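Structure, as structure tokens:
These numbers were taken from a predicted model, which means no experiment stands behind them. Whatever order the structure lists ligands and atoms in, that order sets their numbers, starting from 1.
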Amino acid sequence: MRDRFSIQLEYYKNLAEETLDSVFSAFNIPNELNNAMRYSVFAGGKRLRPSLCYAVWEMLGGDLSKTSPNCPIRILGASIELIHTYSLIHDDLPCMDDDDFRRGKPSNHKMFGEAMAILAGDALLNLAYENLFSLCKNNPFESQNIIKAAELIANCAGATGMVAGQTLDMNSNNSNDKKQLKEIHSLKTGMLIRASVLCGAFLHDISQECFERLDEFAKDFGILFQITDDLLDECGEEANLGKTTGKDKASGKLTYVSVFGVEVAKSKANNTAHSAKERIAGFENSEFLARLVDETLTRIK
Ligand code: GRG
């Protein structure tokens with residue numbers, strides 16, 4: 001029987017799917033582009049980022065059962081997922097990480113060709129911001145908080161966030177520098193996770209102290225997610241992951257495993273999970289997030 005945590009996670013995932021579907025319906029996108037965009041958005045992602053966003057919002061007092069797909073929190077979470085999807089499509093391109101499979105299916109450029117994959121990624125990024133602007137226009141009383149959240153998403157995704165991390169990562173092969181390792185992954189993987197956690201907080205009026213605690217939680221969560229990603233690339237099952245494993249080692253990537261080895265990386269993951277849970281322990285109703293940390297620590301995909 002599924003427990004309360006699994007039911008809640010499934011609920012968040014379904015809300016994200018429904019919201020993502022609704023953001024497409026408002027636009028008349030040319031068929032070929034629409035197919036390429038939807039192919040990757042609905043390819044079976046875990047929906048971790050919108051789930052984090054929704055969970056933080058509910059922990060702070062929100063109630064998703066009273067929301068429709070076009071309400072601010074749901075669009076914020078879905079917009080981050082659109083940006084995440086664009087980043088994966090571009091990351092899989094031959095000029096970047098060159099991956100033929102993603103989520104157990106041919107990667108976007110393998111299905112639609114490189115040019116269409118680039119355009120699908122570009123269009124998803126723009127679709128995210130189109131939705132964020134519509135949110136501000138349609139919710140004048142909440143627009144200041146929405147603008148703050150949208151600005152945070154742009155910062156976290158852009159030239160000083162995820163794109164910066166990807167740039168540094170591309171030039172990191174065969175390095176063994178611990179400081180560089182943390183910097184790259186805090187940016188490349190951590191920043192969108194940070195946006196997901198803090199967006200849920202921006203829609204509530206919370207104290208600076210609570211905000212900072214959530215920010216520290218988000219940073220720990222991002223590092224934990226990356227360490228487990230590196231461990232899965234080394235020790236995980238391709239059938240579970242839906243992508244080729246062992247690529248990091250083969251390409252000389254700077255990872256937690258390459259720098260510390262499997263055993264130390266595992267113990268760093270444990271310590272980071274412990275720290276993440278401590279950051280949120282003082283919040284009421286933090287059980288879901290604490291369990292999400294544990295599930296991330298032991299994830300197999
Ligand atoms: C191309 C600008 C640009 C950025 C790409 C995120 C990224 C930056 C590259 C992906 C490389 C990678 C595997 C990073 C490790 C962490 C990560 C983002 C894993 C994929 O996220 P999941 O596991 O994916 O949440 P699903 O498929 O569940 O959505």
Should the pair Arg213 and Phe283 be classed as cation-pi, given the thresholds of under 6.0 Å to the six-membered ring centre and 45° from the axis?
yes
What protein heavy atom is closest to atom 2 (C) of ligand 1, reported as residue, atom name and distance in Å?
Tyr86 OH, 3.6 Å
Residues 219-254 vs ring-ring contact (aromatic ring centres under 6.0 Å, His included), sequence neighbours excluded, gives Phe217-Phe221
Numbered atoms and elements of ligand 1 in range of Gln226, under 4.0 angstrom, heavy atoms:
15 (C), 16 (C)
Near Arg103 (heavy-atom distance under 4.0 Å), the atoms of ligand 1 are 26 (P), 27 (O), 29 (O)
Closest non-hydrogen protein atom to atom 3 (C) of ligand 1, residue and atom name please, with distance?
Gln166 CG, 3.9 Å
Neighbour count above 12 (heavy atom, 6.0 Å) for Glu238 CD
yes
Would you call Arg49 a ligand 1 contact, heavy-atom distance under 4.0 Å?
yes
Among all protein heavy atoms, pick the one closest to atom 17 (C) of ligand 1 and tell me residue, atom and distance.
Phe225 CE2, 3.9 Å
Within the 4.0 Å heavy-atom shell around Ser87, which atoms of ligand 1 are there?
1 (C), 4 (C), 5 (C), 6 (C)
Using a cut-off of 6.0 Å, state whether more than 12 heavy atoms not belonging to Lys247 lie near its atom NZ.
yes
One finds that the ligand 1 atoms under 4.0 Å from a non-hydrogen atom of His90 are 1 (C)
Of all protein heavy atoms, the one nearest atom 15 (C) of ligand 1 is Asp229 OD2, 3.3 Å
Per atom 20 (C) of ligand 1, closest listed option by heavy atom (His84, His185, Lys46)
His84
In this structure, atom 11 (C) of ligand 1 is nearest to the protein heavy atom Asp91 OD2, 3.3 Å
Distance under 6.0 Å and angle within 45° of ring axis: Lys110 vs Phe101:
no
Return the orientation label for the Phe211 and Phe202 ring planes: parallel under 30°, perpendicular over 60°, tilted otherwise.
tilted
Only pairs at least two apart or in different chains count here, so list each ring-ring contact (aromatic ring centres under 6.0 Å, His included) that has a residue in residues 105-138.
Tyr39-Phe112
If you take the nearest heavy atom of each of Asp169, Thr189, Thr296, Thr255, which one is closest to atom 16 (C) of ligand 1?
Thr189
Within 6.0 angstrom of Glu151 CD, more than 12 heavy atoms from elsewhere
no
Arg47 contact mode with ligand 1 (heavy-atom cut-off under 4.0 Å)
neither
For atom 12 (C) of ligand 1, what is the nearest protein heavy atom, given as residue, atom name and distance?
Lys188 NZ, 4.1 Å
Just checking, Arg38 and Phe24: is the charged tip under 6.0 Å from the six-membered ring centre and within 45° of the axis?
yes
